Number of protein chains: 2
Amino acid sequence: MKNKVEKEWEKEFDYFNKRITPCRRAIMEIFEEEERHLSAEEVYMLLRERGEKVGIATVYRNLDLLSQMGLLHRVNFGDGREHYEMTRVSPPQHHHHLVCTRCGKVIDYSELVREEHEFLDRLERELSSKYDFLIQSHQIYFYGLCESCRSNFES
Amino acid sequence: MKNKVEKEWEKEFDYFNKRITPCRRAIMEIFEEEERHLSAEEVYMLLRERGEKVGIATVYRNLDLLSQMGLLHRVNFGDGREHYEMTRVSPPQHHHHLVCTRCGKVIDYSELVREEHEFLDRLERELSSKYDFLIQSHQIYFYGLCESCRSNFES
DNA sequence: ATGATATTGATAATCGTTATCAAAATATTG
DNA sequence: CAATATTTTGATAACGATTATCAATATCAT
Ligand SMILES: [Mn+2]
Ligand SMILES: [Mn+2]
Ligand SMILES: [Zn+2]
Ligand SMILES: [Zn+2]
């Protein structure tokens with residue numbers, strides 16, 4: 001009886017007619033374990049640490065695929081490379097980002113999600129009708145200076 | 001009497017101890033005329049059309065400088081290159097962006113700025129104190145499908 | 001003018017990402 | 001199972017945006 005516990009995301013592969021390859025599974029597991037934003041290069045390194053032998057091109061390909069499937073979120077913090085993070089549905093982990101423009105530090109926040117939802121709902125309705133635009137997702141970025149960058153501020 | 005009308009942004013160069021070179025002036029004028037998002041390459045082309053002979057490296061350098069000075073906004077629509085737009089203060093033109101994930105089209109919107117301001121003020125206060133983070137700016141992106149991409153949707 | 005400093009242009013280098021294409025893995029068919 | 005079709009992969013070349021280098025030029029302060 002191979003009653004394997006199916007992970008949430010496994011059914012998505014069926015839906016998209018994609019195979020759950022060792023590489024893809026490993027990438028998903030990495031994002032489940034590491035709870036942070038990872039670049040393609042970082043994912044590649046973590047895969048090798050696990051003993052998975054994969055090419056960097058495949059990592060890029062699969063990060064792309066997983067993003068299109070909605071299993072990962074692609075985020076851009078302005079440092080010249082893309083980062084990815086897991087799309088968590090249970091528990092929901094809707095959040096946005098504070099980005100320090102000096103040191104690049106990124107902080108996740110999920111304050112006022114209720115109010116955000118309220119505001120964005122209204123806004124989305126407004127924009128959808130006015131611009132005939134189907135809104136599927138949104139991202140909010142705050143830019144500024146983190147605590148340590150402010151204290152080390154001499155110039 | 002050379003009572004030249006000083007532009008709003010000219011004093012910023014004083015403040016930052018930077019010189020108003022022909023290249024920098026031309027770039028600012030381009031952004032004043034073209035009311036759109038321009039990539040470095042596009043700015044470079046427009047400069048050459050004007051007869052300004054400048055190197056592409058100088059364009060990159062100055063777009064960077066002008067952004068740091070706050071005269072330009074740097075925006076990223078996920079197409080692999082940075083774009084810039086003028087920071088307009090009078091009249092204030094605070095706005096955000098709708099990005100079509102299929103064709104890349106970008107729409108400026110400034111709906112519900114009042115409500116946005118209200119909400120973001122609260123949020124900023126919350127975040128500033130909780131994370132000891134000095135917030136200086138923010139950007140909101142909506143991703144989805146534009147009208148024409150939705151109608152041409154067959155697959 | 002003289003010397004110090006800032007800016008520029010040409011071009012090489014860097015670096016993240018994508019394209020290519022043959023080999024390997026996996027699914028489908030008979 | 002065997003034969004065939006399809007998907008996925010790895011190695012590596014190519015690409016494209018951006019940055020670094022460095023000598024030449026322009027501008028500033030004395
Ligand atoms: Mn995050
Ligand atoms: Mn805009
Ligand atoms: Zn910082
Ligand atoms: Zn579109």
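Nothing here was measured: the structure is a model prediction, and the numbers come from that model. In what follows, chains carry the letters A, B, and so on, assigned in the order in which the sequence lines appear, proteins first and then strands, with residues in each chain numbered from 1.
- The CD1-C1' distance, from A:Ile56 to D:dA13, rounds to 15 Å in whole Å.
- As rounded to whole Å, 15 Å separates atom P of C:dT17 from atom CZ of B:Arg81.
- Here the nucleotide nearest the side chain of A:Cys23, chosen from D:dT18, D:dT9, D:dT8, is D:dT9.
- Summarising the local packing, CZ of A:Arg48 is surrounded by 12 or fewer heavy atoms from other residues, nucleotides or ligands at distances under 6.0 Å.
- Rounded to whole Å, the distance from CD on B:Glu42 to C1' on D:dA17 is 13 Å.
- With A:Thr87 contributing its side chain and A:Gly70 its backbone, the two residues share a donor-acceptor pair below 3.5 Å.
- Between the NE2 atom of A:His83 and the C1' atom of C:dT17 there is a distance of 14 Å, rounded to whole Å.
- In summary, the aromatic rings of A:His138 and A:His94 are positioned with their centroids under 6.0 Å apart.
- Rounding to whole angstrom units, OH of residue B:Tyr84 and P of D:dT18 are separated by 6 Å.
- Atom P of nucleotide D:dT18 and atom CZ of B:Arg74 are separated by 9 Å, given to the nearest angstrom.
- No side-chain donor from either of A:Ser128 and A:Arg125 sits under 3.5 Å from a side-chain acceptor of the other.
- When rounded to the nearest whole Å, the span between CZ of B:Arg48 and P of C:dG9 equals 10 Å.
- Listed by chain and number, the residues in a ring pair (Phe, Tyr, Trp, His ring centres under 6.0 Å) with B:His37 are B:Phe77, B:His97 (sequence neighbours excluded).
- When the side-chain nitrogen and oxygen atoms of A:Asn62 are compared with OP1 and OP2 of D:dT9, one or more of them lie within a distance under 4.0 Å.
- Taken over five-pair windows at either terminus, the axes of the helix from C:dA1-D:dT30 to C:dG30-D:dC1 are inclined to one another by 30° (rounded to 10 degrees).
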Look for any protein N or O under 3.5 Å of an N or O in nucleotides 25-29 of chain C and output each such pair with its distance, or none.
unit_1, atom_1, unit_2, atom_2, d
C:dA27, O4', A:Arg19, NH2, 3.4

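- Cluster membership for A:Tyr44 and A:Ile30, using ILVMFWY side-chain heavy atoms within less than 4.5 angstrom, is shared.
- No chain of hydrophobic side-chain contacts below 4.5 Å, direct or via other Ile, Leu, Val, Met, Phe, Trp or Tyr residues, connects A:Tyr109 to B:Leu134.
- B:Leu71 and B:Tyr60 fall within a single hydrophobic cluster, where Ile, Leu, Val, Met, Phe, Trp and Tyr are joined by side-chain heavy atoms under 4.5 Å apart, directly or via other members.
- Using a 4.0 Å cut-off, some side-chain N or O of B:Arg24 falls inside it from OP1 or OP2 of C:dT7.
- Other residues, nucleotides and ligands contribute only 12 or fewer heavy atoms inside 6.0 Å of the NE2 atom of A:His73.
- When heavy atoms are screened at a 4.0 angstrom cut-off, B:Glu41 is found touching no nucleic acid atom at all.
- Per the geometry, CZ belonging to B:Phe77 stands 16 Å off P belonging to D:dA17, to the nearest Å.
- In terms of phosphate contacts, B:Tyr60 brings no side-chain nitrogen or oxygen within less than 4.0 Å of OP1 or OP2 of D:dT19.
- For A:Lys18 and D:dT8, the shortest distance from a side-chain N or O to OP1 or OP2 is below 4.0 Å.
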